[in-house]
2 protein chains.
Amino acid sequence: MNSLPQNTLSEKFRRLEAGCRASGLSLTHQRRTLLRCLVRRSDHPTADQLYEELQNDVGGLSRTTVYRILETFVRAGLVTKISSPQAKARFDANTGKHHHLVCEQCGRVADLFDSGLNLRGLPEENSSGFIIYDYEITFNGLCPHCQSIGEEHKS
Amino acid sequence: MNSLPQNTLSEKFRRLEAGCRASGLSLTHQRRTLLRCLVRRSDHPTADQLYEELQNDVGGLSRTTVYRILETFVRAGLVTKISSPQAKARFDANTGKHHHLVCEQCGRVADLFDSGLNLRGLPEENSSGFIIYDYEITFNGLCPHCQSIGEEHKS
DNA sequence: ATTCCACATGGTACTTTATGTCAACTAGTT
DNA sequence: AACTAGTTGACATAAAGTACCATGTGGAAT
């Protein structure tokens, strides 16, 4: 019954471990810890949120290490770095094609899987001379939590 | 001949001034200075870049003021705040519908006007319960400058 | 299993980016 | 010209991220 989500999570974890090996990254305790955390969370945590959660674990991580590992993962293509209007980098272990909903009020980020939104192709030519590799659609709005706050005392 | 771009710039400026008045914002010297600068620049400057440029003007702006005025303009809808993967907030006085090219290397931002890319409509329903107001497509790639650097010494 | 070393980590210091506070100033109204 | 709400500047502080380097460790070689 609920064995399926467990399986997909540990599958994701194993795939990311394999990705580390493929990139020549040694699988340290700290990297595994971060990977496990990233796989479990779907709320696009910031580096500091991850640090908060992990620092008190058995053999916790240092803040520097969290930042450094995240950058390493991004460079290896294992994790995506997304930027919210709140100007804090957020991280996402789901590298499949999807888009993001960002709350204008609190910065919360949620996923939006809607293949109907995917562009047919990338714009080939553009006057600015950029080479385009990828794109992402960011939807701005209000999360359920901030909607209810707005109703109570409209600031 | 070249009177047209001049006109459109000062037109934009006057439209933004009108926007200030409409929002009840008094038109201080500092706000006008910032507006002029934002209208003139199309490179999506960061708050500090604007401060750098303006601090030595006659009656220059303080850093605090630059940040504060920009936030004010964003809240009034006169200026858009965009967030790049470099996690520095950038500002854009062009509030018309368009999208952005972001350089993965240096964070440079260029505009992409391509109405063919605009979505037919916003996704009505989404499982996360967000109210969606708007969207923006961000294209990731390499700017011309970083392309040439990459060719010289492939890091 | 033990040795070894390139790679990784922890801790501190530091930089950059952004916000809070409050006295002094000014735009725009009266 | 005077008044006042709104705005600014300077400083202090917070938050986010990076640099440095001595110490520690994963995993290949023996």
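Below, chains carry the letters A, B, ... as their sequence lines are ordered, and counting in each starts from 1. Keep in mind that the numbers below use all heavy atoms, side chains included, and drop hydrogens, waters and symmetry copies.
- In this structure, Lys97(A) forms a cation-pi arrangement with Tyr135(A), its terminal cationic atom sitting closer than 6.0 Å to the ring centre and no more than 45° off the ring axis.
- Under 4.0 Å is where a charged nitrogen must lie from a carboxylate oxygen, and between Arg40(A) and Glu53(A) at least one such pair does.
- The stretch residues 66-82 of chain B touches DNA chain D through Arg68(B), Ile69(B), each having a heavy atom under 4.0 angstrom from the strand.
- Atoms CG (Leu54(B)) and C1' (dT8(D)) sit 15 Å apart, rounded to a whole Å.
- The residue among Ala87(B) and His29(B) whose nearest nucleotide of DNA chain D is located toward the 5' end is His29(B).
- Between Thr65(B) and dG9(D), a side-chain N or O to OP1/OP2 separation shorter than 4.0 Å is present.
- Salt bridge Arg31(A)/Glu17(A): absent, no basic N to carboxylate O contact under 4.0 Å.
- To the nearest angstrom, C1' of dC7(C) lies 13 Å from CG of Leu27(A).
- At least one side-chain nitrogen or oxygen of Ser62(A) sits closer than 4.0 Å to the OP1 or OP2 atom of dG10(C).
- A donor-acceptor contact under 3.5 Å is formed by the side chain of Arg63(A) with the base of dG17(D).
- Under the 4.0 Å criterion applied to side-chain N and carboxylate O atoms, Asp48(B) and Arg63(B) are assigned as salt-bridge partners.
- When the P atom of dG26(D) is taken as reference, atom CZ of Arg21(A) falls 14 Å away, rounded to whole Å.
- Applying the 4.0 Å criterion to OP1 and OP2 of dG26(D), one finds that Thr28(A) has every side-chain N and O outside that range.
- Remark: the backbone N or O of Phe13(B) is not paired with any side-chain donor or acceptor of Ser10(B) at under 3.5 angstrom.
- Atom NZ of Lys88(A) and atom P of dA18(C) are 12 Å apart (whole Å).
- Atom-to-atom, CG of Leu25(B) to C1' of dT8(D) comes out at 14 Å; the value is rounded to the nearest Å.
- Here dA18(C) presents its P atom at 7 Å from CZ of Phe91(B), a figure rounded to the nearest Å.
- The CG-C1' distance, from Leu34(B) to dG9(D), rounds to 15 Å in whole Å.
- In terms of modelled atom types and a separation under 3.5 Å, the side chain of His145(B) and the main chain of Cys143(B) share no donor-acceptor contact.
- The phosphate of dA15(D) (OP1 or OP2) has no side-chain N or O of Gln86(A) nearer than 4.0 angstrom.
- The side chain of Asp48(A) approaches dA16(D) more closely than any other nucleotide in the set dA16(D), dT17(C), dT19(C).
- You'll find that the side chain of Ala47(B) is closest to dA18(C), out of dG20(C), dA18(C), dG11(C).
- Of the possible polar contacts, none joining the His100(A) side chain to the Asp111(A) backbone as a donor-acceptor pair under 3.5 Å is found.
- When each of Leu61(B) and Ala89(A) is assigned the nucleotide of DNA chain D bearing its nearest heavy atom, the one mapping closer to the 5' terminus is Leu61(B).
- Note on Gln55(A): every side-chain N or O is 4.0 Å or more away from OP1 and OP2 of dG10(C).
- Side-chain nitrogen and oxygen atoms of Arg31(A) include at least one within less than 4.0 Å of the OP1 or OP2 phosphate oxygen of dA8(C).
- Ring-plane geometry between His44(A) and His98(A) is classed as tilted, the angle between the planes lying from 30 to 60 degrees on a 0 to 90 degree scale.
- The base of dT8(D) does not come close enough to the side chain of Thr64(B) for any donor and acceptor atom to sit less than 3.5 Å apart.
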